[in-house]
Each structure stands twice: as C-alpha cells, then as structure tokens.
Amino acid sequence: MRSPTSRQVALQALTEIHTGSRANAVLAAFLGDQGRGLSERDRAFVTELVQGTTRMRRAVDHLLRPFITRKLDPDVSSAVRMGAYQLHYLRTPAHAAVNDTVAAAPRRAKGLVNAVLRKVADIDPQWPSEATQFSYPDWIWNLFLETWGPEGRASLISMNTPERPSPRPDGYVQGQASRWVSEAVDDASPDGGTIVDLCAAPGGKATACGAAWSEIWANEIDPARATALREVADNYRPEIKVVVSDGTNTGFNDHLAHAVLVDAPCSGLGALGRRSDARWHISQEAITRLTGTQNALLEEALRILRPHGVLTYSVCTVTQEETCDVAQAFHERHQELKSVELQGRHWRTHCDGGLVLPHDHQTDGMAVFQWQREE
Ligand SMILES: C[S@@+](CC[C@H](N)C(=O)[O-])C[C@H]1O[C@@H](n2cnc3c(N)ncnc32)[C@H](O)[C@@H]1O
C-alpha cells in the first residue's frame, strides 16, 4: 500500500478538526501515526496546511462563498478550504495547488473541487471587513480594537504568523513569553525554598523553575493532563511532586510555600497563534466564567503562601477582565499584599503588573502580576 501524500494527511486532519476535534491534538496524532511515512519537510508542510487553513477559515470561506451553492460534506469542504488556502496564502502555483488538492480530494467530489478551485485561483479578493480579511470572529476583532486600539489590530495580525517555539537548553520546547513568566518567578524569590504551581500541566513553567527551589509541587485538576505533566516532569525535572486536585480547594497546608504560581486557565486570547482553532471555539461568555475560577485560585494560593512569600498570577490573554480587573480586585481584598515590580524590559507596565502584546516580540500575549505577602 502506498503511503498517503502530505495533502491527503492534511485533508484527513482538517476533516477531523472540522467535526470538532482540537487542531493541535489531531496534528500530534496524525504526525505521530499516519504521518510516519512522511519526511521532515512533508510533516512541516502538513502542519502549515492544517494550521493555516484552520486559522484562516473565515477569510478562506469568504473567498469560496461565490462558487459554492450547497452545503458540502466535511471532507469536501476541507478540501476546497485547503486548496484556497494554498492559492491565496501559500502562493502555491495554481496548477499544483489545484491538481494536487484534487488528487487528495474524495473521489465523489473531485469534479466539484477542481471547478471551485479553478475559479478561486482567478479572483482578486475584496474584503467586507478586516475581521474577515484577517480571519477572526467579529467579537474578538472588536474586543482587541476597543481594548488596545491600533496595537490590538497589530496583535491580531501578528497572531496569524505565530512564533515557532524553540527548545530550552534542556530540550523542552517552550514559547518565549512563558519563559519570561518563569524568570519573573525566580527573580522575585532569589532564596528559593518551596514553590507550588497550582495549575501546572503540561509542566512548562514548573520544569523551568530555577535551581534555588528545594521543593517543587505541581498541582493539576485534570487527571489526564496530570499524567502528561508527570511524564514531562520525569523527563525534565524528576524531583517535581505532582498532585491532582482542584487548585481552588487543595490539601496543601496553610503557609506551606515560599512562592505560589497561579498560571491560570484563561481565554487564551494571547495565544491564538499557537492554537489555530481556538478563535472559533472561545466565547465572550466564557471570559466571565473564567474570572470566577481565577479569583478562587488566587484566594487558595494566598492561603498556601508564607509571610514574605511571593504570589505570581499569569495568564496567556490580554483581556482587561482577566488581567487588571482580576488582579486589582484581588489586591483590594488583600491589603497585606504589596506589588512586586517586575524586572525585564520586555514587560510593558499594565496596572500593577506587566504585559506583552503578541506583536511586541512576536510571542504569545501574556500578563503577569506579583505580590509579596507582608505578614
Ligand atoms: C495555562 S494552563 C497551565 C500551563 C502550565 N503552567 C505550563 O506552563 O505548562 C492551565 C492549567 O490549569 C488547569 N486547571 C484548570 N482549572 C484548574 C483548577 N481549578 N485547579 C487546578 N488546575 C486547573 C488546566 O487543566 C490547565 O492544565
């Protein structure tokens, strides 16, 4: 049996994503399994086709709309989207984009895919809105522009060409903004001691802790993610102790830790580049629900923190609600805390904390706040 071509693998992956599976998980499964027969270059091409087509779905659908008159099956829809993405974003020569996509398309729809792609190849796109052109839901586009003005626009555009995270010296692949959070945690507690990471999976930040920490607890609510966390810890920091519990209600003793990190579940609106399908799943309502969890995690973190210990709150999002609003309300409730000034010139001052917008350094958008407990 012949191995599948890159486009066949990409098309199968896109069809699964179309029916609701998460892009990063599907890609990992395909490239670790069916993708095994592919060269390194082909795997990179599959990744580009899948992530790019998923990310640019709204823009691509706008290009296709005039030529599609009925609802298409997921595999056929995925084929025309993938073809249009190659034509308009990868600038693949029309004959290659069309012929090779038709070759990968389901047999019953080859004629339709061929006809649609030949027409799409010839159009000069006219965009009804920038949200369509840059392929974001209107609410995300509007939220960024209302919150950040032209910088919000620049952030969104930069998340369409995301950072390729590189390996740390120990080999773990991690984005730069996440490394800056770990650096901030280390810098604020030069004497180390015991640290609790309340929301730790998959373990990027816990394993990046500096050498001064004598005890590292990594807590995670989701058992499957905790298993992945244990594997990462075994590979990069075997002394880490993994705990599975709700970080808003843990069994850690009062005043156990010299430092607590709350790298909280969030809307992820600063990490839309890294998660190509996330923009199509997140809802505005979810943000309000998440702030409830973020508040509760901070309260639990404070219970665990020793006097003079440092609490770090970080989120890979740039919404006002999940950054300043959560941080300010928490600080107002707890006058025993004083803000710690962040080191590192990459952080913009953001309320009492720091922020990087995605276009600042071509990283994830990230916000971080730190407080020291005075008593
Ligand atoms: C932003 S991710 C953490 C990333 C991690 N710190 C790293 O650097 O690799 C947030 C994590 O919090 C977990 N989580 C969500 N709600 C939680 C809760 N109530 N208690 C503990 N963990 C929670 C999620 O399952 C997810 O793994």
Side-chain angles (χ1 to χ4, degrees), residues 22 24-25 28 163 165-168 170-186 195-210 213 216-237 240-252 257 259-275 278 281-282 286-304 311-319 322-323 326 330 356 363-370:
R22 290 291 182 266
N24 287 347
E163 168 193 22
S166 56
R168 300 188 307 219
D170 66 359
Y172 184 84
V173 176
Q174 188 177 36
Q176 184 58 59
S178 292
R179 296 186 202 190
W180 287 332
V181 172
S182 298
E183 282 171 23
V185 170
D186 287 347
I195 182 166
V196 175
D197 181 347
L198 266 192
C199 305
K205 296 186 189 68
T207 56
C209 282
W213 301 106
I216 307 173
W217 293 92
N219 179 75
E220 167 60 42
I221 195 171
D222 180 323
R225 290 178 65 82
T227 303
L229 165 65
R230 181 68 266 165
E231 274 172 32
V232 169
D234 285 345
N235 284 332
Y236 298 95
R237 204 71 183 257
I240 288 178
K241 296 174 203 163
V242 172
V243 178
V244 186
S245 75
D246 181 347
T248 67
N249 183 22
T250 68
F252 293 117
V260 182
L261 170 61
V262 177
D263 187 36
C266 70
S267 61
L269 289 180
L272 295 177
R274 186 155 50 84
R275 303 183 189 133
H281 299 301
I282 303 165
I287 296 177
T288 311
R289 184 174 43 76
L290 285 159
T291 60
T293 307
Q294 292 156 359
N295 279 320
L297 287 163
L298 286 172
E299 294 298 336
E300 178 70 352
L302 188 57
R303 184 186 67 73
I304 299 167
L311 168 50
T312 302
Y313 171 63
S314 58
V315 276
C316 60
T317 187
V318 299
T319 67
E322 297 168 275
T323 61
V326 166
F330 176 64
V356 289
T363 63
D364 281 355
M366 188 77 74
V368 61
F369 297 83
Q370 291 186 302

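Each ligand, and each atom within it, is numbered from 1 in the order the structure gives.
When the heavy atoms of P202, G247, C266, A271 are ranked by distance to atom 18 (C) of ligand 1, first place goes to G247.
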> Should V315 and T323 be marked as a side-chain contact (heavy atoms from CB on, under 4.5 Å) after you check the CA-CA gap, both sets of side-chain angles, and the distance that decides it?
Replying inline: CA-CA 7 Å; V315 276; T323 61; 3.9 Å; yes
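In terms of protein heavy-atom proximity, atom 6 (N) of ligand 1 is nearest to D263 OD2, 2.7 Å. Among protein heavy atoms, atom 12 (O) of ligand 1 sits closest to C199 CB, 3.3 Å. Looking only at heavy atoms of the protein, atom 15 (C) of ligand 1 is closest to P265 CG, 3.5 Å. When hydrogens are left out, the protein atom nearest atom 4 (C) of ligand 1 is A201 O, 3.1 Å; that is the closest non-hydrogen contact. D246 OD1, 2.9 Å is the protein heavy atom nearest to atom 19 (N) of ligand 1.
Here is the list of ligand 1 atoms found below 4.0 Å of a heavy atom in G204: 7 (C), 8 (O), 9 (O). For ligand 1, the atoms sitting less than 4.0 Å from at least one non-hydrogen atom of I221 are 14 (N), 15 (C), 16 (N), 17 (C), 18 (C), 19 (N), 20 (N), 21 (C), 22 (N), 23 (C), numbered in the order shown with element in parentheses.
Here NE2 of H281 is found 14.5 Å from OG of S267. Values are rounded to the nearest 0.5 Å. In this structure, D246 CG and E220 CD are separated by 10.5 Å, a value rounded to the nearest 0.5 Å.
Side-chain atoms of E322 do not come within 3.5 Å of backbone N or O of C266 as any donor-acceptor pair. Using a distance-only test at 3.5 Å, with no hydrogens or angles considered, a donor-acceptor pair links the side chain of R168 to the main chain of G204. Listed for the D364 side chain is no donor-acceptor partner under 3.5 Å among the backbone atoms of C316. When atom types are taken as modelled, the side chain of T207 and the backbone of G203 share a donor-acceptor pair closer than 3.5 angstrom. Using a distance-only test at 3.5 Å, with no hydrogens or angles considered, a donor-acceptor pair links the side chain of R237 to the main chain of C209.
Residue-level proximity to ligand 1 for K205 is carried by backbone and side chain together, each with a heavy atom below 4.0 angstrom. If you look at L198 next to ligand 1, the close heavy atoms, those under 4.0 Å, all belong to the backbone. When heavy-atom distances to ligand 1 are checked against a 4.0 Å cut-off, C316 has no atom that comes that close, whether in backbone or side chain. Only backbone heavy atoms of A264 (N, CA, C or O) come within less than 4.0 Å of ligand 1; its side chain stays farther off.
Some N or O of E220 is nearer than 3.5 Å to an N or O of ligand 1, by distance alone. Checked by distance only, ligand 1 and Y172 stay at 3.5 Å or farther apart across all their nitrogen or oxygen atoms.
Contact of the Q174 side chain with the K205 side chain is registered, since non-hydrogen atoms from C-beta on lie closer than 4.5 Å. Here the side chains of F330 and Q294 are not in contact, with every heavy-atom distance at 4.5 Å or above.
Remark: distances from the non-hydrogen atoms of G203 to ligand 1 include one below 4.0 Å.
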